Amino acid sequence: MSDAAPKPDELFKARLDKLRRWRNELEIDGYGQRTDGLIPLAEARAMFDEAADDAWRAAEDAEESIDDPRPQVLVAGRCVQHREMGKLAFLVIRDATGDLQISCSKGDLDTNSFRLARKLDYGDVIVAGGRMGRTRKGEICVWADRFELASKSLQPPPEKWHGLQDPELRARRRHVDLFTNPEVLQTFTARSQIISSIRRRMDARGFLEVETPMMHPVPGGAAARPFTTHHNALGMPLFLRIAPELYLKKLIVGGLPKVYEINRNFRNEGVDRSHNPEFTAMEVYEAFSDHHGMADLTESICREVAEELSGGTAVRPFGEIEIDWSSPFVRLDWRDTFTKVLGFDPSDEAKVRQAAQGLVENAATADGWVLANALFEERVEPTFDPSRPTFVFDYPSVISPLTRSYADRPEYCGRWDLFAGGMELGTAYTELNDPLEQRRRFEEQLGGMDDEMAKERTLDESFLDALETGMPPTGGLGIGIDRVVMLLVNATSIRDVIYFPLLRPESASEENPCDE
RNA sequence: GACCUCGUAGCUCAGUCGGCAGAGCAGUGGACUUUUAAUCCAUUUGUCGUGGGUUCGAGUCCCACCGAGGUCACCA
């Protein structure tokens, strides 16, 4: 890595030459040292003292000599603006808390430090010490009496006013995006706070956070296609997990009453504004609960997190709409809503077949309930109010192989899907805990697969062994954290809430990575 | 996987009807002790995504490929 050839780019070379010159002439190495006593820029700005500044200014005008009453600060940041004016240099540095101007007067700095300040580049990281004051134009700033280079930036920066605009470049060079577009840092900070808040609330409710395998010998718990990999020493194929569901249920069998996991899932599918191949999900399992218990849990967690972020009642903008997190979530019944929108009962197979013509690929041979589900997605989901989080309860059993059906109406099962902002956020089940029924459903599922999919799917005997050991009635929940974050921070693309979304390799060298 | 749109300097973008490759920022040299996207003077920067084709002549038109953005499909 260290011996990577410098880019023969002229801007890069200009900066490298400057660094070499400074090393020779200013006796610095350009990469700084540990520095104690630094304070964030926002804190330094808050220390500005109007009275002290006035007193100092008055004394200066009167040419009196007094003890400088202005607060002394030591700060660090990346240079985002630089103006030199003869014997003065003004620069603006940025850290995670904001921007602050550093004013450098030739009279206040030693010769080398002033030369450094005068020729500093956009992107360089510096340490500056001095008094908090104002300029004649009223800008609050540090009047530097100490000025050091903490890290030379060799990469040419983006345009200082527009920053990086190209969505691809922003994702590829997120480290640049983060400092040139401050709202990006806000978004990702909010993401971290949201996840932390969810964890605190789950912990407070007595759930235990656990970690289960990311590499699965048998992929399961969802219908998505997995990524495949291989373990050399054991000579076995492995799959990156598509869901942690089956492992978490084993923990319920083992006697852990309330567990959750927040971690990555991997699905080998298309990429769009709401899908990244790896995404963060929370799954929750609670013994002796059911899908209604999971609905109440989900609603209260979402509301509390949104209200914490809003500092009160939460009606948060999302694209063209505002999403109301504080009002009770809308709760619909799958069958009722279907009937209301389409005008016939989903069990009326003839009508379903007629209405679903051309909607799915194998419409002629597909199961009536599968077609009804397609109709629901196509015709009913768009009728939901995107500004109100909406639960849809009790889906058809046929499309829910891990869910327990109702004894008195076995074609439906205890499940909901949650929608908001036009996206599906999550799903919850009253988990199927009858091992014989589960085996039957799995076999049915495998029978309906084409050869390609069947290669990636086998019956998970170890999961069935767990169910056969006896799993208490259980409520289970899965919720897409990236999508929740999108809604809460008003990001309309999942790429805006994932630091490093998957991109195609930029160059040949990335396709064949060397041993770095 | 299909379709639509886009790809011009390090960045942000113009480029008309097919006729010399452009601007701002950034860079370099200079002036300036109160700037605010500082200003002023001087100045450097191109595989017009790649390859082919049409044409006297292609950034511009056509084809293929690569990449991106979007729409759809896939994702119980």
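To find a chain, count down the sequence lines: A is the first, B the second, and so on, and within it residues start at 1. A quick note: this is a predicted structure, and the numbers were derived from the prediction, not measured.
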Query - Pair A:E84 + A:K119: basic N to acidic O under 4.0 Å - result: yes
Report task. Measure the distance from CZ on A:R172 to C1' on B:A68 and round it to the nearest whole Å. Result -> 9 Å
Query raised in the report: Considering the options A:Y429, A:F393, A:Y285, which one meets the ring-ring contact (aromatic ring centres under 6.0 Å, His included) requirement together with A:H291?
Result: A:F393
Query raised in the report: The side chain of A:W161 lies closest to which of these nucleotides: B:G70, B:A76, B:A37?
Result: B:A37
Requested in this report: May I ask you to say what A:P396 touches in the nucleic acid, namely base, sugar-phosphate or nothing, with a heavy-atom cut-off under 4.0 Å?
Outcome: nothing
Report task. Ignoring backbone atoms, test whether A:K160 places a side-chain nitrogen or oxygen under 4.0 Å from the OP1 or OP2 oxygen of B:C25. Result -> no
Report task. Can you tell me, in whole Å, how much space there is between the P of B:C66 and that of B:G29? Result -> 44 Å
Report task. Give the nucleotide from the list B:G10, B:U33, B:A76 with an atom nearest to the side chain of A:P156. Result -> B:G10
Report summary line: Paired with A:R131, the side chain to side chain contact (heavy atoms under 4.5 Å, CB included) test is passed by just one of A:V142, A:D68, A:D108, namely A:D68
Query raised in the report: On RNA chain B, nearest-nucleotide positions of A:R15 versus A:V398: which is more 5'?
Result: A:R15
**Report entry** A:R439 vs A:E461, salt bridge (Lys or Arg N to Asp or Glu O under 4.0 Å): CA-CA, chis, key distance, verdict
**Finding:** CA-CA 9 Å; A:R439 182 180 290 276; A:E461 285 293 347; 3.0 Å; yes
Query raised in the report: Which value, in whole Å, describes the distance between the P atoms of nucleotides B:G18 and B:G59?
Result: 13 Å
Query - Interatomic distance, A:M85 CE vs B:C40 C1' [rounded to whole Å] - result: 11 Å
Report task. List in numerical order all residues of residues 429-436 of chain A for which some heavy atom is under 4.0 Å away from an atom belonging to RNA chain B. Result -> none
Query raised in the report: At under 4.0 Å between heavy atoms, what does A:A89 touch on the DNA or RNA strands: base, sugar-phosphate, or nothing?
Result: nothing
**Report entry** Candidate nucleotides B:U44, B:C74, B:G27, ranked by approach to the side chain of A:L11 - the nearest
**Finding:** B:G27
Report task. For A:D121, answer base if it contacts any base atom (sugar-phosphate contacts may also be present), sugar-phosphate if it contacts only those atoms, and nothing otherwise; contact means non-hydrogen atoms under 4.0 Å. Result -> sugar-phosphate
Report task. Using a 4.0 Å heavy-atom cut-off across all strands, classify A:W369 as base, sugar-phosphate, or nothing. Result -> nothing
**Report entry** Secondary-structure string, 5' to 3', Watson-Crick or G-U under 3.5 Å, | for another-strand partners, for RNA chain B
**Finding:** (((((((..((((.....[..)))).(((((.......))))).....(((((..]....))))))))))))....
Query - No-H, no-angle donor-acceptor pair, A:E139 side chain to B:U36 base, under 3.5 Å - result: yes
Query raised in the report: Closer to the 5' end of RNA chain B via nearest nucleotide, is it A:E378 or A:L503?
Result: A:L503
Report task. Using distance alone, with no hydrogens and no angle criterion, decide if A:R415 and A:S400 have a side-chain donor and acceptor under 3.5 Å apart. Result -> yes
Query raised in the report: Under 4.0 Å: is that the gap between some side-chain N or O of A:K119 and OP1 or OP2 of B:U28?
Result: no
Query - A:E159 CD - B:G10 C1' separation (whole Å) - result: 11 Å
Query raised in the report: Do the charged groups of A:D177 and A:R173 touch, with an N to O distance under 4.0 Å?
Result: no
Query - Base B:U36 to side chain A:T135, donor-acceptor N/O within 3.5 Å cut-off - result: yes
Query - Under 3.5 Å side-chain donor-acceptor pair for A:E261 and A:T212 - result: yes
Report task. Take atom C1' in B:C25 and the same atom in B:A68, then report the distance between them in whole Å. Result -> 24 Å
Requested in this report: Look at all strands and tell whether A:Q81 reaches a base, only sugar-phosphate, or nothing, counting heavy atoms closer than 4.0 Å.
Outcome: sugar-phosphate
Query raised in the report: Nearest to the side chain of A:Q445, which nucleotide is it out of B:A76, B:U34, B:U36?
Result: B:A76
Query - Integer-rounded Å distance: B:C11 P and A:E168 CD - result: 11 Å
Query raised in the report: Which nucleotide, B:U12, B:A76, B:G69, lies nearest any side-chain atom of A:A223?
Result: B:A76
Report task. Using a heavy-atom cut-off of under 4.0 Å over every strand shown, decide if A:R441 touches base, sugar-phosphate, or nothing. Result -> nothing
Query raised in the report: Less than 3.5 Å between a donor and an acceptor, one on the side chain of A:H162 and one on the base of B:C11, is that the case here?
Result: no
Query raised in the report: So, for A:Y395 and A:W369, is the gap between ring centers shorter than 6.0 Å?
Result: no
